[in-house]
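Just so you know, ligand 1 is whichever comes first in the structure, and atom 1 is the first atom listed for that ligand. The residues of the chain are indexed from 1 along the displayed sequence. Side-chain atoms are counted along with the backbone in the values below, which use heavy atoms only and exclude waters and symmetry mates.
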Amino acid sequence: MNTQIISPTTLIIDAIPHPVFPGAILPKWVAAAEAKGFDIVGRIIDRLHLALRCRLCGATQKVRLFTLMSAQPLCQSCLLADWRKNAVASGLTFLRRDPSHRHYAFYLSPCGHEVRRQFELVRRIGAGVTGFRCETCHATIEQKEAELRGWHLTSADPSGNPNYRIYTHTACGHDQRIARANMQSGRFSCGGCGKDWPGAASYVYAMAFTLASGREVVKLGFSRDPDSRLTYQLRRDNEMPCQILRVVPMATGHAALCAEKAMHKELKQAHPAAALDPAAWRGQIRVKTEIYDGSLTPVILGLLDVLEASATAA
Ligand SMILES: [Zn+2]
Ligand SMILES: [Zn+2]
Ligand SMILES: [Zn+2]
């Protein structure tokens with residue numbers, strides 16, 4: 001146990017010696033302690049303090065007589081066991097209490113970063129009520145997203161909206177409040193230099209996916225930003241192997257749409273069996289039509305070659 005009696009005059013609790021205080025232990029104190037899950041070990045320090053032993057875990061601690069008589073004393077050792085248990089259930093490791101706030105502690109996150117969290121929040125994470133994310137790791141992810149678009153993540157939203165951030169355009173230095181979702185998808189333009197990113201043109205693209213079944217499939221489509229479409233819209237599972245095979249820049253979105261439609265028509269006529277049953281990719285790729293068997297890839301790339309030649313010539 002954490003208690004040690006080295007002499008009739010000294011009681012050691014958690015390695016800290018406390019003088020034993022002479023005097024009677026009143027029956028009403030004993031009754032109160034019992035009712036609250038403790039045994040009285042003895043009186044310590046002065047007439048205001050007792051040493052109480054937790055009946056649940058056996059640990060002894062210093063408690064004010066007033067606290068015993070007016071409230072429910074908390075067993076620090078049971079609390080610590082609880083915090084540790086909640087941390088484990090949340091995938092975290094309890095490190096230490098935060099001395100500056102009694103409701104907070106420091107934990108080790110599975111990524112290796114130290115995080116400060118409220119005890120109650122950790123309990124809720126463990127119970128599956130809410131999720132956990134490491135702010136250090138997350139900031140890195142968001143910074144990379146912005147850099148990919150030629151912007152820099154500068155600060156949180158001054159008006160406190162969790163969906164917005166302040167970003168700085170690397171090219172012109174302009175600070176702008178942009179929704180994170182728009183930064184991810186590229187659907188915004190710079191208020192400083194007026195430039196859309198990555199440009200107003202559209203692209204016809206071919207993308208390859210490997211379905212969970214192992215089947216290779218190919219998608220033909222058009223988008224102002226094929227990278228973003230692939231990363232943030234089409235894929236349901238980030239682990240799904242996929243890549244952009246080819247993009248052909250088009251002068252306008254309308255030209256891209258027309259070219260794409262014409263190609264689908266041609267493919268359907270020439271290779272009616274190559275279009276996949278939507279059941280094959282449902283739940284894996286977010287799209288309603290236009291997925292072909294991977295064997296059609298050379299044909300599609302051939303069509304894109306022809307398109308590029310004509311788009312360049314136009
Ligand atoms: Zn206890
Ligand atoms: Zn982390
Ligand atoms: Zn700009």
Considering only NZ, NE, NH1 and NH2 on the basic side and carboxylate oxygens on the acidic side, decide whether [X] and [Y] come within less than 4.0 Å.
X	Y	result
Lys144	Glu147	no
Arg215	Asp293	yes
Glu135	Arg117	yes
Asp157	Arg165	no

Examine all N, O or S atoms of Cys190, backbone included, and report whether one is under 2.8 Å from the Zn ion (ligand 3). yes
When you look at Arg246 and Met207, which way does the side chain to side chain contact (heavy atoms under 4.5 Å, CB included) test go after all the steps? CA-CA 7 Å; Arg246 186 76 197 275; Met207 287 177 188; over 6 Å; no
Suppose you place the vertex at the Zn ion (ligand 1); what is the angle out to Cys57 SG and Cys54 SG, to 10°? 110°
Angular separation of Cys78 SG and Cys75 SG about the Zn ion (ligand 1), given to 10°: 120°
CZ/Phe132: more than 12 non-hydrogen atoms of other groups inside 6.0 Å: yes
Run the ring-centre check on Tyr292 versus His264 and record whether the distance is less than 6.0 Å. yes
Tell me, do Thr297 and Leu245 make a side-chain contact under 4.5 Å, heavy atoms counted? yes
Write the atom name of the N, O or S atom in His169 that is nearest the Zn ion (ligand 3). ND1
I need the protein N, O or S atoms closer than 2.8 Å to the Zn ion (ligand 2), given as residue plus atom name. Cys111 SG, His113 ND1, Cys134 SG, Cys137 SG
